[in-house]
Amino acid sequence: MDKKRACKHKYVLKLYVTGQTPNSVRAIENLNKILSEEFKDMHELKIIDILENPQFAMDAKILVTPTLSSAFRGSIKRVVGDLGNREKVLSVLGLF
Amino acid sequence: MVKIRRGSQKRSARKSKLTSVNFKDGEKVLQSSQYHLRTIFDKNPDGMIVVDNKGVVCFANPAAESFFGLKKNQLLKHPFGVPAIDGEATELNILQKDGKTGTLQMRAVQIEWDKKPSHLILIHDITMIREAERLRCEVDERRKLDQLKDEFIGTVSHELRTPLATIKEFVSILLDEVPGKINVEQRDYLNITRGNIDRLGRIVTDLLDISKIEAKKMAIRKSLVDIVGVAKGSISLFKASAGAKNITLKLLFPERLPDVYADSDRVTQIFTNLIHNAIKFTPSNGKVTVEIKPGKKEIECSVKDNGIGIAPENKDKLFGRFMQIDRSAGGGPKGTGLGLSITKELVQMYGGKIWVESELDKGSKFTFTLPVLNSQTIFKEYINNGIKDAVDKGSAFSIVIISFNNFKAVFKKLGKEPVNQILSDLEETAKKTLRRVTDMVLKYKEEVVILLPDVKREDAFAVGSRIEDAVRAYFEQKKDSLGGVKIKYGIANFPDDAGNSEELIKKARDGRESISIKVSPFKSKQR
Amino acid sequence: MAKKILVIDDEPELVRAITVRFEASGYKAIPAFDGQEGIAKAKKLKPDLILLDIIMPGMDGYEVCRRLKADPDTKNIPVLILTASGQRDLEEKCTSAGGNIVITKPFDTEDLLASVNKFIK
């Protein structure tokens, strides 16, 4: 990936979780790991707790948590689960 | 979908016939297998969805629709997400309509759908399982905490009291002149020392009492208390000290008293504290009267003396901790200042009130109330105690509630007395099926409730089915007079089905395990 | 011949105070500072009464009491249990472990001596 080009655009990531359930916590941990190792400086992460902000979840049509929605250069991808499968996450988000 | 090609018309008639027979058979087989697949798909309690490589739903079964609360046309083309899980399965949370969080188990497998790489996702509801686990954890935590508190209090008690015992005994040995004679001055000082050791001992006792009350505020043991008996017991403790001052001790009580639900030791403590004070602050030849008055909502108990009374400015501070009014007139050993505050905490623990009326040099009257509990509160108390015991012992508690499925109709048809009779009979019937001393049956309004301490969920069902058989047999006998009566029963278990008494009762009242027994004069009972 | 009382308590100063008191009352007091020592001395010296503290490091008083009562050599020796806690269920625990009476610390000397007189063989 062209680093120069990549720096201009950022991945806008929204991770939807439910309070402090074990899989929510795991998803946050896994995501932070992936982000710090693969997406340094290339991302913007917002963690949205659907218990506190159910409206955001409804607007975004979130069915289950954890759900990670990633917007990059206009293309929106969505990943579901605890994000433990790093290759899958990366391949869906478009980073090979 | 598989397409069937019809045989060409130009073929021989026999072949056509064969082909058309094959075709008919083929179609039947196909329809049959389609029907099977459809059934598996439609009736599956687990949700099944297919998402494409963009994470959009392209197929969903009815169970999935109900999980997500969406109709098929809303669910199709709805974004879901591409599963990215480590291993075979993962847990997801879903926000249910009532605002509660549900837990789902998701398994995903890669498939080809319409020639495109997709995922087949299976969704299994594990909300109840997780809930039961969480409750069990909470129960374990509570139990461990209670245990820690108990151990702490026991250790502190020992650490404080042992040195006191040593000091006291040596002082006593000196006073008894065991190692040698002592002079008047030495005796005086040693007596003072001994008095203070006793005082310290009482303070330790009071402090431990307070910490026990603080620790156990959530877990008060209650049972039916004979208030008059308790009052008599307290009074008898003071016969000697009252006699020494020639104080008359009197007890007034009515013939009939409603039931009070409390811990008799604690109520004894309340009476004892108040009578002790009354005697202490009443001069010789005085009078101390304990009176118990019944009431509709509460029982009023009072301890009245004609002693020195309390100054108005002190009345408000009386129940505070470490409060000691100048006791120069009181005589006797100095108190700890904690007695009344502990008394107040105890009274309030039972939902009662305590107050004082007093006039200097005329006397004082301390009154406290204990709420009369109606059957509803007592019923809940029994259930609460069952749960508390289960928590303390790390075991379980089950209840079975038998009720009328069609109470209003039955009541209308048969009338009050027969309905009460049925309930009494059901109570008796249930009682006979119980095998342990600790099992209990209660009649409560239009229900018969069976309490099963230490009984796990599976075993509760065994009991339930024994009761069911007994109830059926009862109705078999009475079928001529009790046609049309429908009985249902439900079973609920702590901690597997519910975490507190409200939930437990609710689940047993309208739980999924309700089984109906309908009795009609002509047909035999059926579920 | 003076009666023998075995005093089992992990507080040496309290044991000493009790010993002085007992000897002044005409008994012979034998000290033991933990459960093991107590049981061994009970078997060897066959006292006429045993005074036993409940809270001790190592083997607690209940266990000592149970063992004493289970052993034919010592089961008939009366046991007075000393405890720092005044809980009612503690008393039940003590009696079910085989204790004959419970005395709460700090105790009145008269109470202690009266109980000893009552139970000593």
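So you know, we letter chains A, B, ... as the sequences are listed, proteins then strands, and number each from 1. Note that this is a predicted model, so its numbers are computed, not measured.
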A/T67 versus chain B, the contacting section by heavy-atom distance below 4.5 Å
side chain
Chain B neighbours within residues 23-37 of chain A, where any heavy atom lies under 4.5 Å away
A/N23, A/S24
What one should report as the nearest heavy-atom pair of A/K61 and B/H78 is O-CE1, 3.2 Å
Under the salt bridge (Lys or Arg N to Asp or Glu O under 4.0 Å) test, residues paired with B/E502 that sit two or more places apart:
B/K380
Taking side chain as C-beta onward, heavy atoms only, is A/V64 less than 4.5 Å from B/L104?
yes
Could you walk me through whether A/V80 and B/M106 pass the side-chain contact (heavy atoms from CB on, under 4.5 Å) check?
CA-CA 10 Å; A/V80 143; B/M106 169 174 86; 3.5 Å; yes
Please classify the contact of B/Q74 with chain A as side chain, backbone, both or neither, using a heavy-atom distance under 4.5 Å.
neither
Segment of B/L75 engaging chain A (4.5 angstrom heavy-atom cut-off):
side chain
Which bit of A/I76 comes within less than 4.5 Å of chain B, counting heavy atoms only: side chain, backbone, both or neither?
neither
For residues 124-144 of chain B, pull every pair meeting ring-ring contact (aromatic ring centres under 6.0 Å, His included), keeping only residues two or more places apart or in separate chains.
none
Within a radius of less than 6.0 Å around CZ of B/R134, do more than 12 heavy atoms belonging to other residues, nucleotides or ligands occur?
yes
Would you give me the side-chain donor-acceptor pairs under 3.5 Å for residues 52-64 of chain B, sequence neighbours excluded?
unit_1, atom_1, unit_2, atom_2, d
B/D52, OD1, B/K54, N, 2.7
B/D52, OD1, B/G55, N, 3.0
B/D52, OD1, B/V56, N, 3.0
B/N61, OD1, B/M48, N, 2.9
B/N61, OD1, B/A63, N, 3.4
B/N61, OD1, B/A64, N, 2.9
B/N61, ND2, B/F41, O, 3.2
B/N61, ND2, B/D46, O, 3.1

Within 6.0 Å of NZ in B/K72, more than 12 heavy atoms from elsewhere:
yes
Give, as side chain, backbone, both or neither, the part of A/K77 having an atom under 4.5 angstrom from any heavy atom of chain B.
neither
Distance from B/L95 atom CG to A/L51 atom CG, nearest 0.5 Å?
6.5 Å
Interatomic spacing from CG in B/L92 to CG in A/L63 - rounded to 0.5 Å
10.5 Å
Value for CG (A/N85) from OG1 (B/T90), rounded to nearest 0.5 Å, stands at 10.5 Å
Where is the tightest heavy-atom contact between A/K88 and B/P83, given as atom of each residue plus distance?
CG-O, 3.4 Å
